[in-house]
Colleague: 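I'd like to ask some things about the structure below.
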Protein chains: 2
Amino acid sequence: MARYAPEHKDATRRRMIETAGRRFKSDGFAGSGIATLVGDAGLTNGAFYSHFESKDDLITTVVAEQIAAQAARIEALPVGIASVEAFLRDYLSAEHRDNPADGCPSAALLDEISRCSEATRSAYTDGAHRMIQAIVHLLDAGDTPDAYDRAIGLYTLLVSSLQLARAVNDPALSDQILSAAYRNAMTIAASTTPPSR
Amino acid sequence: MARYAPEHKDATRRRMIETAGRRFKSDGFAGSGIATLVGDAGLTNGAFYSHFESKDDLITTVVAEQIAAQAARIEALPVGIASVEAFLRDYLSAEHRDNPADGCPSAALLDEISRCSEATRSAYTDGAHRMIQAIVHLLDAGDTPDAYDRAIGLYTLLVSSLQLARAVNDPALSDQILSAAYRNAMTIAASTTPPSR
DNA sequence: TGTACATCAGTGAACGCGCGTTCACTGATGTAC
DNA sequence: TGTACATCAGTGAACGCGCGTTCACTGATGTAC
């Protein structure tokens, strides 16, 4: 009865979500047109609307997917300060700064999200809760209000440091922002539990 | 010879820069069209190009103006930890969160700036240097590398906390983000110099 | 003081273009007989 | 095994619209005489 195996259309949809994630993180939501998004996935214009209701539907789907992936990455880390250090080095690397398409969705898109639809903001909010929870666990400081505050602080400090390092034109300042962020993040991470070194 | 006093056109230009600053901070660069920008200043479409070369020229002008104003606000603060505290409370207030048009340009626009022209990024970079310098002075911790790192940390922590508080849909989480930012900012501000309370 | 003129800030219609979205269609495939 | 058919993922042209930008113009004003 069905022409293609049921996985076929699903695979195309997943490919769209993946390539759109990369495109949005490089060019922003407003800067990414349907023709480009669909072309990235090797399709043409009209195919879009058999996969998504609208551009906003794609944005919401991509935001949910991207932030969940980022949270999952943190959940997969071993607990403890050594692991935090390794994560910070990776997050605050020049490579991450120079490749937004492969990187953290919050750093690339956070201030655009506040201008998005309620559906998109809800998707982001769910992801933010999960992300904060994951950082609390990573810090291994118990489920205390203080641990929450520090987790939120790490989250925001990292996101904005990457944004600022990407915004400025001066390579020396950009590098300094990344290394300052590392030290400040360690200060916050260790502001109750002392670092292991 | 001249029809109007020379201040007349200058005043219109300044009005455009001011209203465009507010509009950009609410709706983003991409989300603000020329017709709207010019309408905000009480003009019609065609008047735009006798004041600015292009939309990008306006963006660059506005970014330079906005970040300089923000830096000037910090430069005007009295030095010391009590002053830092007062500034943090103001920056991290619900009012600032809920009124992006009146607020900090970095919080509203930082991740869009990395996608702007080199001219705009240069304007922002100049402002960022000045801002960091102003925070170093405000912290009154000497011109040491450590003071620089802490100043950068405060800058990024504040910006992203406001962004995150604006992005999330959940009022309780949003409030928590602001109060967490206050504590973490104080931790960074005081990470060498202890707070006065 | 009154009139003709030059200036030029601002008007508003028009330009080509790319946007998000729609839709009649194509053609590769699995199924039925 | 071979042929006719139904399915439906994907095509590509077209839609109205708002974008950034251009330009011929208007009309309020200060100056010249």
Side-chain angles (χ1 to χ4, degrees), chain A residues 1-21 23-24 26-63 109 112-113 115-120, chain B residues 1-21 23-24 26-63 109 112-113 115-120:
Chain A
M1 207 194 279
R3 189 171 66 98
Y4 292 107
E7 307 89 50
H8 183 242
K9 195 176 181 185
D10 284 1
T12 302
R13 183 185 157 91
R14 269 198 301 276
R15 187 154 33 91
M16 273 282 334
I17 293 170
E18 211 171 278
T19 55
R23 177 62 66 178
F24 283 149
S26 323
D27 298 350
F29 298 129
S32 306
I34 300 288
T36 305
L37 290 164
V38 101
D40 285 346
L43 301 173
T44 55
N45 251 13
F48 185 85
Y49 293 89
S50 62
H51 292 284
F52 303 97
E53 258 182 31
S54 61
K55 187 184 182 183
D56 189 71
D57 178 24
L58 174 65
I59 290 174
T60 301
T61 305
V62 166
V63 165
L109 296 166
E112 281 202 83
I113 285 166
R115 297 179 200 112
C116 286
S117 68
E118 287 300 306
T120 302
Chain B
M1 207 194 278
R3 190 169 65 98
Y4 292 108
E7 307 88 49
H8 182 243
K9 195 176 181 185
D10 286 0
T12 303
R13 184 186 157 91
R14 269 198 300 275
R15 187 155 33 91
M16 272 280 337
I17 293 170
E18 211 170 279
T19 55
R23 178 62 66 177
F24 284 148
S26 324
D27 298 351
F29 298 129
S32 308
I34 300 289
T36 305
L37 290 165
V38 102
D40 286 347
L43 301 174
T44 54
N45 252 13
F48 185 84
Y49 292 88
S50 63
H51 292 284
F52 303 98
E53 259 181 31
S54 61
K55 188 183 181 183
D56 189 72
D57 179 25
L58 173 65
I59 290 174
T60 301
T61 306
V62 166
V63 164
L109 296 165
E112 280 201 82
I113 285 167
R115 298 179 199 111
C116 285
S117 69
E118 287 300 305
T120 303

Colleague: With a 4.0 Å cutoff (strictly under), does any side-chain N or O of B:His51 reach OP1 or OP2 of C:dG10?
Modeller: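 Checking C:dG10 against B:His51, a side-chain N or O does come within under 4.0 Å of OP1 or OP2.
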Colleague: Could you walk me through whether B:Val62 and B:Phe29 pass the side-chain contact (heavy atoms from CB on, under 4.5 Å) test, one step at a time?
Modeller: CA-CA 11 Å; B:Val62 166; B:Phe29 298 129; 5.5 Å; no
Colleague: Shortest non-hydrogen contact from B:Met16 to B:Phe52?
Modeller: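 Heavy-atom minimum between the residues: CB-CE1, 3.9 Å.
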Colleague: Should B:Thr12 be listed as having a side-chain N or O under 4.0 Å from OP1 or OP2 of C:dA9?
Modeller: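 The answer is no; no side-chain N or O of B:Thr12 sits under 4.0 Å from OP1 or OP2.
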Colleague: List in chain and number order the residues that pass salt bridge (Lys or Arg N to Asp or Glu O under 4.0 Å) with B:Asp40, two or more places apart in sequence or in another chain; answer none if no residue qualifies.
Modeller: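 Testing B:Asp40 for salt bridge (Lys or Arg N to Asp or Glu O under 4.0 Å), a comparison that skips the adjacent residues, returns B:Arg23.
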Colleague: Starting from P on C:dG10, measure out to CZ on B:Phe52 and report it in whole angstrom.
Modeller: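 It works out to 11 Å between those atoms.
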Colleague: Applying side chain to side chain donor-acceptor pair (under 3.5 Å) to A:Asp27 and A:Ser32, what does each step give before you reach the verdict?
Modeller: CA-CA 6 Å; A:Asp27 298 350; A:Ser32 306; 4.7 Å; no
Colleague: Might you point out which heavy atoms bring A:Glu112 and A:Ala30 nearest each other, and give the distance in Å?
Modeller: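 Scanning both residues completely, I find the closest heavy atoms to be OE1-N, 3.7 Å.
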Colleague: How would you summarise protein contacts on nucleotides 11-22 of chain D per nucleotide, using B for base, S for sugar-phosphate only and - for none, with heavy-atom distances below 4.0 Å?
Modeller: BB-B-----SBB
Colleague: Let me know the distance between NZ of A:Lys9 and C1' of C:dA28, rounded to the nearest Å.
Modeller: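 Rounded to the whole Å, the gap is 16 Å.
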Colleague: Show the nearest heavy-atom pair for residues A:Ala119 and A:Thr60, with the distance to one decimal.
Modeller: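 Heavy atoms only, the tightest pair is O-CG2, 3.7 Å.
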Colleague: Could you walk me through whether B:Phe48 and B:Leu43 pass the side-chain contact (heavy atoms from CB on, under 4.5 Å) check?
Modeller: CA-CA 8 Å; B:Phe48 185 84; B:Leu43 301 174; over 6 Å; no
Colleague: Are side-chain heavy atoms of A:Leu58 and A:Phe24 found at a separation under 4.5 Å?
Modeller: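 In contact.
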Colleague: Using Watson-Crick and G-U wobble pairs with both distances under 3.5 Å, what is the 5'-to-3' dot-bracket string of DNA chain D, with [ ] for crossing pairs and | for pairs outside the strand?
Modeller: .||||||||||||||||||||||||||||||||
